[in-house]
Enquirer: 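Just passing along the structure, written as structure tokens.
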Amino acid sequence: MSNDFASSTRSTGSNLDRLSKELRKLATNTNQRESDDRFWQPEVDKAGNGYAVIRFLPASKGEDLPWVRIWSHGFQGPGGWYIENSLTTLGQKDPVAELNSKLWNSGSDKDKEIARKQKRRLSYIANIYIVKDPANPQNEGKVKLFKFGKKIFDKINETMTPQYEDEKAINPFDFWAGANFKLKIRNVEGYRNYDKSEFDRPEALSDNDSELESIWASQHALQAFVASDQFKSYSELKARLDRVLGEPTQSRKNDEDDEREERPVSRQSAEPRARSTLVETLPKAASAGAGASARPPWEDESDINLFERLAQED
């Protein structure tokens, strides 16, 4: 067992303490699946039901946390769809966030409803090991990236920071003391529901440290998804927003930016900047977004994939 693997993964207690602190930060500061085969999503049957068993994996080599989080927007206006990552992920000003704040503070109920429709969605990306995938058994035993929303992250939070005294805190990202996650999906009023999903009893993912080290070495870097070069600039986002809302662009430069945005790009350059540029991750370096403002009052816990489905149906 290499020194890197041992030092990065064996400190169960300290890892749990550190991750719990990050969870508290998230509570205080209260979406590249389409063409990226690194990502995995569970399949559902015709009734909308699905089942799989996965294991959340520890932080990859050189990274501090085993997840990243991304804020994004997805809504339709007279000029088309606006599906973009929000610069608030990086703790920066974002044109939609600024517009929504003005709308909410206008005192108009109509403006508040518009702000709600344009709200941010929060999603997470983490490395997982697929223990069981009945719909696609060829995935079993593989390391994949998993995009998920607040509902599943809440279950992670509850496992790491239990509510009652007789419940023991578990670090679900730990190779040895973690637990498999039984993902149970139901169709509730047309939406995917994860309420019945649960963590199994704590147990080692494998008794073979060499196998665990191989899994760890297969994990994907997460910080690339929240690097500043994966987000469009404020001016690019503002030009896109103006066009979607039917507003005139401020300059010819913005028009040119829009034209460049629609030109074909290579798969490599598009991958995490594709539609909704993934991401249902944190501060700079450790994780982007911890410096973002608290959740605005017009936001809720709506399904983060809703706007993606609507755009596909349009």
Side-chain angles (χ1 to χ4, degrees), residues 5 8-27 31 33 38-42 50-70 122-133 139-162 167-185 194-206 211-223 225-226 278-282 286-287 304:
F5 175 65
S8 296
T9 58
R10 274 294 191 184
S11 51
T12 302
S14 60
N15 281 342
L16 177 57
D17 290 343
R18 179 167 53 83
L19 294 178
S20 295
K21 289 179 181 178
E22 292 297 333
L23 287 171
R24 288 194 290 273
K25 286 182 183 179
L26 290 176
N31 255 348
R33 184 182 58 179
R38 295 174 301 169
F39 280 85
W40 172 87
Q41 283 292 320
Y51 177 79
V53 180
I54 61 176
R55 182 71 169 241
F56 290 100
L57 298 176
S60 300
K61 183 177 181 180
E63 298 188 340
D64 294 326
L65 294 170
W67 69 78
V68 290
R69 72 171 186 171
I70 299 177
L122 177 60
S123 58
Y124 300 83
I125 301 176
N127 281 286
I128 61 166
Y129 177 86
I130 303 173
V131 178
K132 186 174 183 179
D133 185 356
N139 288 326
E140 295 175 4
K142 293 182 179 180
V143 173
K144 291 284 188 177
L145 291 166
F146 181 41
K147 172 194 171 185
F148 54 98
K150 185 179 183 300
K151 291 291 186 181
I152 292 178
F153 196 82
D154 282 348
K155 290 185 177 291
I156 294 173
N157 190 358
E158 291 166 4
T159 301
M160 296 177 66
T161 55
E167 296 175 340
K168 182 180 179 180
I170 297 171
N171 177 3
F173 297 94
D174 190 90
F175 273 133
W176 295 272
N180 293 343
F181 185 65
K182 295 184 287 186
L183 190 62
K184 301 176 180 180
I185 307 170
Y194 302 93
D195 288 349
K196 290 187 175 294
S197 300
E198 60 183 345
F199 282 97
D200 207 340
R201 66 184 184 280
E203 63 177 354
L205 179 57
S206 171
E211 180 182 358
L212 295 178
E213 184 171 6
S214 177
I215 293 172
W216 185 66
S218 301
Q219 293 180 202
H220 307 284
L222 299 178
Q223 287 301 312
F225 292 103
V226 291
L278 296 179
V279 230
E280 262 184 7
T281 7
L282 283 124
S287 68
I304 61 167

Enquirer: Determine the minimum heavy-atom distance between Ile130 and Lys144, stating which atoms define it.
Expert: CD1-CG, 3.7 Å

Enquirer: Just verifying a value: how many Å separate Lys61 NZ and Trp216 CH2, rounded to the nearest 0.5 Å?
Expert: 6.0 Å

Enquirer: Identify the heavy atoms of Ala179 and Arg201 that sit nearest to each other, and give their distance.
Expert: CB-O, 3.7 Å

Enquirer: Please name the pair of heavy atoms, one in Phe146 and one in Phe39, separated by the smallest distance, quoted to 0.1 Å.
Expert: N-CD2, 4.5 Å

Enquirer: Applying side-chain hydrogen bond (donor to acceptor under 3.5 Å, both in side chains), can you list everything that pairs with Ser214, at least two apart in sequence or on another chain?
Expert: none

Enquirer: Starting at CG of Asp174, measure out to CG of Leu57 and round the result to the nearest 0.5 Å.
Expert: 11.0 Å

Enquirer: Check salt bridge (Lys or Arg N to Asp or Glu O under 4.0 Å) between Lys182 and all other residues, then give those that pass, not counting sequence neighbours.
Expert: Glu198

Enquirer: Mind checking ring pair (Phe, Tyr, Trp, His ring centres under 6.0 Å) for Tyr129 and listing every partner two or more places apart, or none if nothing turns up?
Expert: none

Enquirer: Are Glu203 and Trp176 packed together at the side-chain level, in the sense that at least one heavy-atom pair is separated by less than 4.5 angstrom?
Expert: no

Enquirer: Just to verify, what does Ala217 make a side-chain contact (heavy atoms from CB on, under 4.5 Å) with, not counting sequence neighbours?
Expert: none

Enquirer: Have a look at Phe181 and tell me which of Phe173, Phe153, Phe56 forms a ring pair (Phe, Tyr, Trp, His ring centres under 6.0 Å) with it.
Expert: Phe56

Enquirer: Checking Ala221 now: which residues fulfil side-chain contact (heavy atoms from CB on, under 4.5 Å) with it, not counting sequence neighbours?
Expert: Glu63

Enquirer: Could you state the interatomic distance from NZ (Lys142) to CZ (Arg38), rounded to the nearest 0.5 Å?
Expert: 15.0 Å

Enquirer: For the residue pair Lys147 and Ser123, what are the closest heavy atoms and their distance?
Expert: CE-CB, 4.1 Å

Enquirer: Pro202: which residues meet the side-chain contact (heavy atoms from CB on, under 4.5 Å) condition with it, sequence neighbours left out?
Expert: Ile170

Enquirer: Within the structure provided, determine whether Trp67 and Ile125 are in side-chain contact (heavy-atom separation under 4.5 Å).
Expert: no

Enquirer: Quick one: closest heavy-atom pair of Ala126 and Pro66, and the distance?
Expert: CB-O, 3.5 Å

Enquirer: The criterion is side-chain hydrogen bond (donor to acceptor under 3.5 Å, both in side chains); which residues satisfy it with Asp195, sequence neighbours excluded?
Expert: Asn193

Enquirer: What residues form a side-chain contact (heavy atoms from CB on, under 4.5 Å) with Ser218, not counting sequence neighbours?
Expert: Val143

Enquirer: Can you find a heavy atom in the side chain of Ile156 that is under 4.5 Å from one in the side chain of Tyr124?
Expert: no

Enquirer: Taking side chain as C-beta onward, heavy atoms only, is Leu183 less than 4.5 Å from Ile152?
Expert: yes

Enquirer: With Asn139, which residues qualify under side-chain hydrogen bond (donor to acceptor under 3.5 Å, both in side chains), at least two apart?
Expert: Asp133

Enquirer: Restricting to side-chain hydrogen bond (donor to acceptor under 3.5 Å, both in side chains), what partner residues turn up for Ser60, sequence neighbours left out?
Expert: Asn127, Gln219

Enquirer: What's the separation between atom CD1 in Ile215 and atom CZ in Arg55, rounded to the nearest 0.5 Å?
Expert: 9.5 Å

Enquirer: Residues in ring pair (Phe, Tyr, Trp, His ring centres under 6.0 Å) with Tyr51, at least two apart?
Expert: none

